[in-house]
**Q** 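To start, I am sharing the structure in question, which I have written as structure tokens.
Given the structure is predicted, the values throughout are model-derived calculations rather than measurements.
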Amino acid sequence: MRRKNLSVKTIVAIGIGSAVFAILGRFASIPTGVANTNFETAYGFLALMAVVFGPIAGGLIGLIGHTLKDAIFYGTPWWSWVVVSGIVGLLIGLVAKKINIEEGKFTVKNIILFNVIQIVVQAIGWFVIAPSLDIFIYAEPANKVYLQGLVGGGLNMVTVAVLGTLLLSIYAKSRSQSGSLTKDV
């Protein structure tokens, strides 16, 4: 079995995507009133990058971007949520093969598939994994972390459904549709 290496384009996307994720996480997030839980636009961007560049890029952008954001702006990464950001990027990236956005089409069927998958992935990540890791790693109170997971995860689902879908629609329109007279040179 031949191992496929990451392209230079994908490696650059991981670096730039991680930086943009960190910047959005710091400067384009809105506090919710629940402790240490924000309305994060970064997850809409993460979804775009994961679908366009695939699961490895999505996972690494979520992991590195969240680590950078936490380390730079809060002093230390909150590993339970960092891990889930990586998982979310990875699993949303797996949907890329089903959508094939590079064909220039992002149909209603693709939008529904994308959103069903992102909602399921984020529900598992933010409602179950992140709070459970908070309890296991940091000995946080269950009622606090499950509330944070519900609020943060629910808002991330909305962000990806609205912003992620919008970004993917715009991206698809920028691609040449298969069968069109326009050819990439």
Side-chain angles (χ1 to χ4, degrees), residues 4-25 28-30 38-66 81 83-130 149-185:
K4 191 175 179 182
N5 294 327
L6 293 177
S7 70
V8 171
K9 182 179 172 181
T10 302
I11 292 168
V12 170
I14 291 167
I16 292 170
S18 297
V20 171
F21 183 96
I23 291 165
L24 288 173
S29 64
I30 303 163
N38 296 321
F39 182 65
E40 300 273 357
T41 59
Y43 290 95
F45 174 75
L46 176 61
L48 168 71
M49 297 300 282
V51 171
V52 171
F53 292 100
I56 301 299
L60 289 173
I61 291 167
L63 192 68
I64 296 166
H66 199 136
W81 285 48
V83 166
V84 172
S85 289
I87 291 169
V88 166
L90 174 80
L91 295 178
I92 289 175
L94 290 175
V95 77
K97 290 182 174 135
K98 300 266 186 210
I99 292 176
N100 199 1
I101 198 98
E102 294 301 325
E103 289 183 356
K105 297 176 184 171
F106 193 52
T107 64
V108 171
K109 181 180 174 185
N110 294 146
I111 291 168
I112 292 168
L113 174 66
F114 166 73
N115 279 292
V116 166
I117 289 173
Q118 71 91 1
I119 287 168
V120 169
V121 164
Q122 293 204 84
I124 293 166
W126 301 117
F127 300 169
V128 179
I129 298 171
L150 285 172
V151 171
L155 291 172
N156 289 347
M157 290 173 193
V158 171
T159 299
V160 173
V162 175
L163 185 58
T165 300
L166 179 63
L167 290 171
L168 285 165
S169 294
I170 292 167
Y171 181 83
K173 288 177 183 168
S174 76
R175 313 312 311 159
S176 294
Q177 289 192 6
S178 57
S180 75
L181 296 177
T182 307
K183 294 286 183 190
D184 291 328
V185 179

**Q** State the CE-CD1 distance between M49 and I14, to the nearest 0.5 angstrom.
**A**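 Rounded to the nearest 0.5 Å, the CE-CD1 separation comes out at 8.5 Å.
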**Q** Just to verify, what does S7 make a side-chain hydrogen bond (donor to acceptor under 3.5 Å, both in side chains) with, not counting sequence neighbours?
**A**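 So S7 forms a side-chain hydrogen bond (donor to acceptor under 3.5 Å, both in side chains) with T10.
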**Q** Hey, could you give me the CG/CG distance between L6 and L60, rounded to the nearest 0.5 Å?
**A**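 Reported value, rounded in 0.5 Å steps: 7.5 Å.
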**Q** Hey, are the side chains of I92 and L46 touching, using non-hydrogen atoms and a 4.5 Å cut-off?
**A**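 When only atoms from C-beta onward are counted, L46 and I92 do not touch, as no gap falls below 4.5 Å.
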**Q** Which value, rounded to the nearest 0.5 Å, describes the distance between K173 atom NZ and I101 atom CD1?
**A**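 So the NZ of K173 and the CD1 of I101 are separated by 11.0 Å.
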**Q** Out of curiosity, I124 CD1 to I119 CD1, how far, rounded to the nearest 0.5 Å?
**A**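 Reported to 0.5 Å precision, the distance equals 12.5 Å.
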**Q** State, to 0.1 Å, how close L167 and L48 come at their nearest heavy-atom pair, and which atoms those are.
**A**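 Scanning both residues, the minimum pair turns out to be O-CD1, 4.0 Å.
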**Q** Do any pairs count as a salt bridge (charged side-chain N to carboxylate O under 4.0 Å, His left out) and have a residue in residues 91-100, sequence neighbours left out, and if so which ones?
**A**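 Listed by first then second residue: nothing to list.
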**Q** Of all residues at least two apart in sequence or in a different chain, which pass the side-chain hydrogen bond (donor to acceptor under 3.5 Å, both in side chains) check with T107?
**A**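 With neighbours one apart ignored, the set is N110.
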**Q** Can you see which heavy atom on G62 is nearest to which on F21, and at what distance?
**A**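 Heavy atoms only, the tightest pair is O-CE2, 4.4 Å.
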**Q** Quick check: do V51 and V95 have side-chain heavy atoms less than 4.5 Å from each other?
**A**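 The answer is yes; the side chains approach within 4.5 Å.
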**Q** If you round to the nearest 0.5 Å, how far is CG of L166 from CD1 of I111?
**A**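 One finds 10.0 Å between CD1 of I111 and CG of L166.
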**Q** So which atom in A50 and which in A96 form the shortest heavy-atom distance, rounded to 0.1 Å?
**A**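 In terms of heavy atoms, the two residues are closest at O-CB, 4.3 Å.
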**Q** Could you tell me whether I56 atom CD1 has more than 12 heavy atoms of other residues or ligands within 6.0 Å of it?
**A**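 Incorrect, the count does not exceed 12.
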**Q** Any idea which heavy atoms bring V160 and A47 closest together, and the distance?
**A**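 In this case the closest contact between V160 and A47 is CG1-CB, 3.7 Å.
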**Q** So which heavy atom on F106 is nearest to which on S169, and how close?
**A**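 Distance-wise, the nearest heavy atoms are CD2-OG, 3.3 Å.
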**Q** Per the salt bridge (charged side-chain N to carboxylate O under 4.0 Å, His left out) rule, what does the pair list look like for residues 39-58, sequence neighbours excluded?
**A**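 Of all non-adjacent pairs touching residues 39-58, those that pass salt bridge (charged side-chain N to carboxylate O under 4.0 Å, His left out) are E40-K69.
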**Q** Tell me which pairs pass side-chain hydrogen bond (donor to acceptor under 3.5 Å, both in side chains) where either residue lies in residues 52-66, with sequence neighbours left out.
**A**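 Pairs touching residues 52-66 that pass the test: Y43-H66, H66-D70, H66-S85.
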**Q** Are the side chains of E102 and V52 in touch, meaning some heavy atoms are under 4.5 Å apart?
**A**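 E102 reaches V52 side chain to side chain.
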**Q** Give me each pair satisfying side-chain hydrogen bond (donor to acceptor under 3.5 Å, both in side chains) with a member in residues 111-126, each pair once, sequence neighbours excluded.
**A**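 Sorted result for residues 111-126: N115-Q118, N115-T165, Q118-Q122, Q122-W126.
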**Q** So how far is it from I129 CD1 to W81 CH2, rounded to the nearest 0.5 Å?
**A**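 So the gap between those two atoms works out to 13.0 Å.
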**Q** Can you name the closest pair of heavy atoms from Y171 and S174 and give their distance?
**A**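 For Y171 and S174, the tightest heavy-atom pair comes out as O-OG, 2.6 Å.
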